[in-house]
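Quick notes on the structure that follows.
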Amino acid sequence: MKLLALLSLLALMLQEAGTASLPKKEREGGEDQLHGEGDSHTVLHLRDFDLSLDNYDEVIDPSNNDELTDYRDQLPKASPTRTSFTQSTKAPRTPPSNPVMARPMTLGLPVSPTSHGLPTCLICVCLGSSVYCDDTDLEDIPPLPRTTAYLYARFNRISHIRAGDFKGLTKLKRIDLSSNFISSIDDDALRLLPALQDLILPENKLAALPVLPTGIEVLDVRLNRLQSAGIQPEAFRALEKLQFLYLANNLLDSIPRSLPLSLRSLHLQNNMIESMQTDTFCDAEEHKHTRRRLEDIRLDGNPINLSLFPSAYFCLPRLPTGRFV
Ligand SMILES: *[C@@H]1O[C@H](CO)[C@@H](O)[C@H](O)[C@H]1NC(C)=O
């Protein structure tokens, strides 16, 4: 029974390989400057993707030179096995010309008959616990296999993250949605993801942060439209594993409060910060080097005169980068 399902999947894949010449889009047009640059990082194109299993290993190159990822990048070891999909996705582009594809897929699990179109692992590449959907013109998060641990959906057109998008994905460790058009994230979309460590969202249009899951270690929201009013006063307090907080190139006018002691890097360069509280980093009562780990604070590119706050840094291992005059 399982073998039969596998064979029919293989047949579908081959059919799809024959018919899936999705129309080449205006990607080269560069309507959005940031978006246009994406092409150079992009390794996976479905339309260039030869589905023969022989060269499966070569097609997927997880060690792509992605300069957006300037922190530790722990890609899982790629194993050349396809994760089986369980659901169909809303076809982001062409409706299927092939009548077989219009039929809901049934590989043991029920599929909503209203969802038609390509299953996620035919649009994206599912490899071990990783799902690669870079540059596939997605407008929503597609339904993901339950085993997904690493999601890459960079250089798409996703504008909104819905509360149910990651529901039940208890293994999900990393979400990378760099270079989309995301302007809002429902508060419940990420909050309950128990395994989430890395949330990578640079080059989007976010003005506010959603509620974050407590296990998060890396939050990258560079190059968005974040305002201080869009960050809850206690947003980071409970995030006791947070080590890298990248908020550069936004519209913040203050340094976020209640930063956890786990923090190692705080990047706030190129914002609109003019002032700070004396106790932003150090608790005056304690007189200890409580922030030993916080070695990397960037405040350059802000209108703040850091010399005005001489008693704000005593607990830090080194002074912030920025303007001392
Ligand atoms: C910055 O603050 C210091 C200390 O109060 C002051 O001497 C200096 O003139 C200020 N610089 C500017 C550019 O405001």
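Order of appearance sets the numbers: ligands from 1, and atoms from 1 within every ligand.
By the salt bridge (charged side-chain N to carboxylate O under 4.0 Å, His left out) test, E295 pairs with R318, sequence neighbours left out. Under the salt bridge (charged side-chain N to carboxylate O under 4.0 Å, His left out) criterion, R323 pairs with no residue, sequence neighbours left out. In terms of the salt bridge (charged side-chain N to carboxylate O under 4.0 Å, His left out) criterion, D186 has no residue partners (sequence neighbours excluded).
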Apply side-chain contact (heavy atoms from CB on, under 4.5 Å) to residues I175 and L193 and explain how you reach the verdict. CA-CA 11 Å; I175 298 175; L193 292 174; 4.1 Å; yes
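Ordered by chain and residue number, the residues placing a heavy atom less than 4.0 Å from ligand 1 are N305, S307, L308, R323, V325.
Of the possible polar contacts, none joining the N204 side chain to the N224 backbone as a donor-acceptor pair under 3.5 Å is found.
Residues F244 and L266 have side chains not in contact (no heavy-atom distance under 4.5 Å, counting atoms from C-beta outward).
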